[in-house]
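Data first, discussion second: the structure below is written as structure tokens.
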Amino acid sequence: MSGPQIRLGEILIPQDLIHRRVRQIGSQITADYCGKCPLFLCILQGAAVFSADLLRQVELELSIDFMAVSSYGTATETSGQVQLMKDVDSSVEGRHLILVEDIVDTGLTLGYLLRNLQSRFPASLRVCALLSKPSRRRIGVPIDYLGFEIPDTFVVGYGLDYQQRFRNLPHISSLIFNQAP
Ligand code: IMP
């Protein structure tokens, strides 16, 4: 069965702008967590590229762990049912957690992750997201560090995919569907 016809649209956020913003967020986290050793939780797979760049801009002693969730019912719409596919390897109790997400769309994935992690008694829990689509939000979720707000359009690149494609683009681009996905 063939999927919808797609093509890359305009570049929404060029590479240099992403890097500048990532440097700013890295400096902000460095200042905010002075004297602490935060545990960065990278949400796979989408946040892998962002996390790798961000962590190298943070001048602190820190640790990294990974979680994976599945949320999409179809290629571009969340099912609303979030499932934990991979849990952290380390204990999060008493740790200063910084959850690193690629994009907050409806907020359902982030809401699930926050509830899940809060129940394990971290010392603190903050969210760092590269992108946010506020007009798509279904539940209120806090974002402490945000790269960019974008309009309601499907985007790929810099870790974000469409059916596992385009993660390696160095910029954020819109994706055009020639027929409904
Ligand atoms: P939410 O639960 O609706 O907020 O969806 C969050 C997840 O959906 C993100 O972590 C992404 O993996 C995926 N997602 C949402 N919007 C986009 C997009 O525009 N491009 C690629 N992935 C997206």
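Numbering of ligands and ligand atoms starts at 1, following listing order. Along the sequence shown, residues carry numbers from 1. Treat the numbers as computed from the prediction; the structure is a model and nothing was measured.
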| Near-ring test Phe177/Tyr162, centroid separation under 6.0 angstrom |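 Centroid separation for Tyr162 and Phe177: below 6.0 Å.
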
| query | Among the clusters formed by ILVMFWY side chains lying less than 4.5 Å apart, do Ile143 and Leu41 turn up in the same one? | reply | yes

| message | Looking only at distances, can you tell me whether any N or O atom of Leu110, backbone or side chain, sits closer than 3.5 Å to an N or O atom of ligand 1? | response |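 So ligand 1 has no N or O lying under 3.5 Å from an N or O of Leu110.
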
| query | What about Val155: any of its N or O atoms under 3.5 Å from an N or O on ligand 1? | reply | yes

| Which class fits the ring pair His96 and Tyr33: parallel under 30°, tilted 30 to 60°, perpendicular over 60°? | perpendicular

| remark: Between the CD1 atom in Ile98 and the CG atom in Asp144, the distance rounded to the nearest 0.5 Å is 9.0 Å

Using a 3.5 Å distance criterion without hydrogens, assess whether the side chain of [X] forms a donor-acceptor pair with backbone atoms of [Y].
X: Thr30; Y: Glu59; result: yes
X: Arg95; Y: Ser91; result: no
X: Thr153; Y: Ser174; result: no

| message | At under 4.0 Å between heavy atoms, is it the side chain or the backbone of Asp102 that contacts ligand 1, or both, or neither? | response |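 For Asp102, only side-chain atoms sit under 4.0 Å from ligand 1.
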
| said: For Val82, which part has a heavy atom under 4.0 Å from ligand 1: side chain, backbone, both, or neither? | reply: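 No part of Val82 comes within reach of ligand 1.
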
Distance filter under 4.0 Å to [X] heavy atoms, resulting ligand 1 atoms:
X: Thr109; answer: 1 (P), 2 (O), 5 (O), 6 (C)
X: Lys133; answer: 16 (N), 17 (C), 18 (C), 19 (O)
X: Asp161; answer: 21 (C)
X: Thr106; answer: 1 (P), 2 (O), 3 (O), 4 (O)
X: Glu101; answer: 10 (O)

| said: Within the structure, is a non-hydrogen atom of Gly46 found at a distance of less than 4.0 Å from ligand 1? | reply: no

| said: Considering Leu108, Thr153, Val156, Leu160 one by one, which has a heavy atom nearer to atom 22 (N) of ligand 1 than any of the others? | reply: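 Shortest heavy-atom distance from atom 22 (N) of ligand 1: Leu160.
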
| query | Would you say Leu130 and Val49 make side-chain contact, with heavy atoms under 4.5 Å? | reply | no

